[in-house]
Amino acid sequence: MFVYQAAKFVVEPLVKIVYRPRVEGLEHIPADGAAILAANHLSFCDSFFIPIVVPRHVTFIAKAEYFDAGGLRGLWNKYFYARFAGAVRVDRSGSRNATTAALEGAVEVLERGGLFGIYPEGTRSPDGKLYRGRTGIAEIALRSGAPIIPIGIIGTDRVQPPGKKLPRWGRVTIRVGAPLDLAEAKGLGKPALVRRAITDEVIEAIQKLSGQEYRHVYASDVKEGKAAA
């Protein structure tokens with residue numbers, strides 16, 4: 001926590017001077033208590049801008065590759081995600097145990113009354129569009145009982161396009177929506193239907209905030225298709 005606050009004290013004024021991020025709806029984020037911040041994912045730097053504009057500590061999920069990479073970049077990733085961001089490590093290779101551990105880590109953050117940040121699409125958008133959500137966010141919400149607050153991020157894909165290591169200048173807008181009322185989705189009965197309905201409701205709320213075009217497929221499938229081609 002101290003490392004997070006110290007780094008934020010140094011970085012936040014610089015980022016606000018250079019990028020002048022616009023923030024709307026910040027009052028929807030509670031001053032204390034647990035909440036899930038669900039955002040679209042356009043760029044690597046999304047995980048910088050959200051903590052900059054949110055007054056409280058936000059913990060994110062981070063893919064295992066960030067923790068396991070070697071060299072100087074690997075050391076930086078381990079420091080940033082493990083020490084600065086306090087990220088929950090998630091293995092996206094399909095291991096059930098790893099996925100369960102990530103879900104439990106997220107719930108633990110929320111049970112401590114923290115803010116947990118997550119990108120329901122599961123990966124960065126390959127083309128700026130919004131993609132179908134993964135139901136892990138619904139599982140976290142159901143297990144923890146924490147409210148889901150949707151966030152629409154605009155402009156980070158211009159600041160740091162996919163594949164670019166260094167950011168460039170650009171205006172960023174972050175729109176925070178009101179906590180979602182999931183009562184109707186929870187009333188569907190079957191757990192699988194409930195998880196899918198909650199996830200779809202989250203994505204719909206994000207789309208209204210971000211203004212992105214929506215595609216009813218998973219972003220990871222689109223990326224795999226492009227790689228195969």
Side-chain angles (χ1 to χ4, degrees), residues 1 3-5 8 28-41 44 46-68 77-124 131-153 174 176-177 179-182 185-186 191-192 194-203 205-206 218-220:
M1 179 66 75
V3 175
Y4 181 95
Q5 293 298 340
K8 186 172 179 177
H28 293 306
I29 297 178
D32 53 56
I36 301 167
L37 306 185
N40 55 324
H41 198 12
F44 175 83
D46 295 333
S47 299
F48 285 90
F49 279 99
I50 290 178
I52 289 298
V53 303
V54 174
R56 296 174 56 193
H57 187 164
V58 183
T59 298
F60 283 93
I61 280 177
K63 59 184 180 180
E65 297 95 301
Y66 287 150
F67 290 83
D68 301 336
N77 284 338
K78 288 174 188 176
Y79 178 83
F80 175 77
Y81 286 104
R83 293 289 303 280
F84 172 62
V88 175
R89 183 181 189 273
V90 59
D91 187 337
R92 302 189 301 178
S93 64
S95 167
R96 183 179 181 278
N97 290 337
T99 301
T100 300
L103 290 173
E104 290 174 349
V107 172
E108 183 180 337
V109 170
L110 294 163
E111 288 180 341
R112 294 198 305 263
L115 294 180
F116 187 77
I118 186 170
Y119 305 113
E121 295 165 276
T123 187
R124 278 174 281 173
Y131 286 85
R132 194 178 193 213
R134 300 284 183 176
T135 58
I137 184 172
E139 185 69 27
I140 292 169
L142 292 168
R143 289 192 192 185
S144 67
I148 300 176
I149 299 173
I151 296 178
I153 303 174
I174 297 178
V176 183
L180 299 178
D181 181 357
L182 304 175
K186 290 179 179 178
V194 171
R195 289 193 296 269
R196 173 45 59 191
I198 289 174
T199 304
D200 290 346
E201 192 168 334
V202 172
I203 292 295
I206 292 173
Y218 293 119
S220 57

Asn40 and Glu121, any side-chain heavy atoms less than 4.5 Å apart: yes
Point-to-point distance, once rounded to the nearest 0.5 Å, from NE2 of His41 to CD1 of Ile151: 13.0 Å
Can you tell me how far apart OG1 (Thr59) and CD (Glu108) are? Round to the nearest 0.5 Å. 10.0 Å
What are the two closest non-hydrogen atoms of Val107 and Ile140, and how far apart are they? CG2-O, 4.3 Å
Checking Glu139 now: which residues fulfil salt bridge (Lys or Arg N to Asp or Glu O under 4.0 Å) with it, not counting sequence neighbours? Arg143, Arg195
For Ile206 and Ala39, work out which heavy atoms get closest and say how close. CD1-C, 3.9 Å
Measure the CD1-CD1 distance between Ile137 and Ile148 for me, rounded to the nearest 0.5 Å. 4.5 Å
Please name the pair of heavy atoms, one in Ser144 and one in Leu110, separated by the smallest distance, quoted to 0.1 Å. OG-CD1, 3.4 Å
Check: Pro55 and Ile29 side chains under 4.5 Å, non-hydrogen atoms: no
Which heavy atom in Val58 sits nearest to a heavy atom in Phe116, and how many Å separate them? CG1-C, 4.5 Å
Minimum-distance pair of heavy atoms, taken over all atoms of Thr123 and Ser220: CG2-N, 3.8 Å
I'd like to check Leu142 versus Lys186 (side-chain heavy atoms, cut-off strictly below 4.5 Å). Are they in contact? yes
Would you call Ile153 and Ile50 a side-chain contact if the rule is heavy atoms closer than 4.5 Å? yes
So, Arg56 side chain and Gly33 main chain: donor-acceptor pair closer than 3.5 Å or not? yes
For residues Ile198 and Leu182, report the shortest heavy-atom separation together with the two atoms involved. CG2-CD1, 4.0 Å
Would you say that Asp46 contacts Tyr119 through its side chain, given a criterion of any heavy-atom pair below 4.5 Å between the two side chains? yes
